[in-house]
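Every heavy atom of this structure was used, including side-chain atoms; hydrogens, water molecules and symmetry mates were not.
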Amino acid sequence: MKSILFNTEMAKAILDDKKTQTRRVINVTLYGDEKLSIINDDNKQYLKVEYENGAYRLEKIQFQIGDILWVREPVKLLKHTVDCDGEYFGTWIKYLADGKEILFDNFKEDVSGKKWFDKCQGVPNGCLREMARIFLKVTSVRVERLQDITEDDICKEGLDNDYLTWWVSECGTARALRFPIDGWKRLWKSTAKDGYKWEDNPHVFVYEFERVEKGSAI
């Protein structure tokens with residue numbers, strides 16, 4: 001099972017059933033005016049990179065239709081519990097998206113040697129697989145330019161009025177409520193690497209998904 005990383009706000013949007021779509025930059029080298037499209041072959045999806053002379057190559061797509069993904073959402077360790085011999089047997093963790101706290105007692109053997117574990121810090125790069133509580137099934141995939149996003153898709157990305165209201169309070173810009181695209185631009189630019197900003201208009205995979213129960217994902 002593959003993992004997919006979401007920040008705190010987007011994990012919350014998924015939990016609130018407000019986010020059903022995500023965009024991921026296509027990491028493929030282009031040399032000119034190649035055309036990108038999605039093709040299906042033997043029930044798998046591939047990125048088709050087509051050249052002006054009609055030649056083409058196929059690139060594997062990371063997330064396939066039907067794949068079940070577990071979400072790497074931000075988690076903070078709160079405190080450890082120990083037995084009489086001083087050995088860890090449980091750790092209280094907090095999901096930052098909604099503040100839910102649980103006692104987690106199923107760590108991998110090598111985790112207890114990590115500095116962030118001993119110091120009760122946030123788990124780097126999102127939660128561990130064993131901590132996952134959000135599972136998504138990929139229902140469709142397409143390719144487009146980042147700036148092709150519509151207002152309807154912005155809502156599917158989780159930027160509804162609640163999120164935009166939060167954005168106004170944090171960033172002090174009333175334009176976000178009047179023009180949802182402004183909130184989306186700011187969100188994308190706050191996380192995108194140089195070369196993949198809004199103004200760069202990179203090609204992206206657009207993945208649509210639905211939540212599934214943990215039991216059906218395993």
Group every Ile, Leu, Val, Met, Phe, Trp and Tyr by side-chain heavy-atom contacts under 4.5 Å, then state whether [X] and [Y] land in the same group.
X      : Y      : result
Trp188 : Ile26  : yes
Ile39  : Val141 : no
Ile61  : Leu5   : no
Leu47  : Leu30  : yes
Val82  : Trp92  : no

Working to the nearest 0.5 angstrom, can you tell me the gap between [X] [atom1] and [Y] [atom2]?
X      : Y      : atom1 : atom2 : value
Leu136 : Phe209 : CG    : CZ    : 5.0 Å
Glu59  : Tyr46  : CD    : OH    : 11.5 Å
Leu58  : Asp41  : CG    : CG    : 7.5 Å
Leu146 : Lys185 : CG    : NZ    : 10.0 Å
Ile14  : Glu210 : CD1   : CD    : 13.0 Å
Ser3   : Arg129 : OG    : CZ    : 9.5 Å

What I'd like to find out is whether the side chain of [X] reaches to under 4.5 Å of the side chain of [Y], using heavy atoms alone.
X      : Y      : result
Arg72  : Asn125 : yes
Glu157 : Trp184 : yes
Glu199 : Lys189 : yes

Minimum heavy-atom separation for [X] to [Y], with atom names?
X      : Y      : value
Glu34  : Val49  : CB-CG1, 3.8 Å
Thr139 : Ile65  : O-CG2, 3.8 Å
Lys197 : Ala192 : NZ-O, 2.6 Å
Val204 : Val25  : CG1-CA, 4.1 Å
Leu187 : Ser190 : O-OG, 2.6 Å
Val143 : Leu36  : CG1-O, 3.7 Å

Main chain of [Y], side chain of [X]: is a donor-acceptor contact present, judged purely on distance under 3.5 Å?
X     : Y      : answer
Thr20 : Glu208 : no
Asp42 : Lys44  : no
Lys19 : Gln21  : yes

Decide yes or no on side-chain contact (heavy atoms from CB on, under 4.5 Å) for Trp198 and Arg186, but give the supporting numbers first.
-> CA-CA 9 Å; Trp198 171 263; Arg186 288 175 178 269; over 6 Å; no
Hey, is NZ on Lys2 packed in by over 12 heavy atoms from elsewhere, all under 6.0 Å?
-> yes
Over 12 non-hydrogen atoms of neighbours within 6.0 angstrom of CG in Asn40 = yes
CA sep, side-chain torsions, deciding dist, call: Val212, Ile68, side-chain contact (heavy atoms from CB on, under 4.5 Å) | CA-CA 8 Å; Val212 295; Ile68 305 296; 4.3 Å; yes
Acceptor/donor pairs from residues 94-104 side chains to any protein atom, 3.5 angstrom cut, sequence neighbours excluded:
residue, atom, partner, partner atom, Å
Tyr95, OH, Met131, O, 2.7
Asp98, OD1, Lys100, N, 3.1
Asp98, OD1, Arg133, NH1, 3.3
Asp98, OD1, Arg133, NH2, 3.0
Asp98, OD2, Arg133, NH1, 3.0

Please determine, by modelled atom types, if Thr22 and Arg24 share a side-chain donor-acceptor pair under 3.5 angstrom.
-> yes
Under the salt bridge (Lys or Arg N to Asp or Glu O under 4.0 Å) criterion, do Arg57 and Glu50 qualify, and how do the steps go?
-> CA-CA 7 Å; Arg57 72 178 193 273; Glu50 187 172 2; over 6 Å; no
Would you call Asp67 and Lys137 a salt bridge, using N to O less than 4.0 angstrom?
-> no
Would you call Arg142-Asp153 a salt bridge at under 4.0 Å N-O?
-> yes
Given side-chain contact (heavy atoms from CB on, under 4.5 Å), test Ile149 with Ile181 step by step and report yes or no.
-> CA-CA 9 Å; Ile149 192 170; Ile181 192 66; 3.9 Å; yes
Would Arg23 and Glu144 satisfy side-chain contact (heavy atoms from CB on, under 4.5 Å), going step by step from the backbone distance to the final call?
-> CA-CA 10 Å; Arg23 281 161 172 72; Glu144 65 183 33; 3.0 Å; yes
Go through Lys156 and Asp152 one step at a time and tell me if the salt bridge (Lys or Arg N to Asp or Glu O under 4.0 Å) criterion holds.
-> CA-CA 7 Å; Lys156 291 180 180 179; Asp152 182 56; 3.6 Å; yes
Which residues share a side chain to side chain donor-acceptor pair (under 3.5 Å) with Asp16, sequence neighbours left out | Lys12
Not counting sequence neighbours, list each pair that qualifies as a ring pair (Phe, Tyr, Trp, His ring centres under 6.0 Å) and has a residue in residues 47-82.
-> Phe63-Tyr207, His80-Tyr88, His80-Phe117
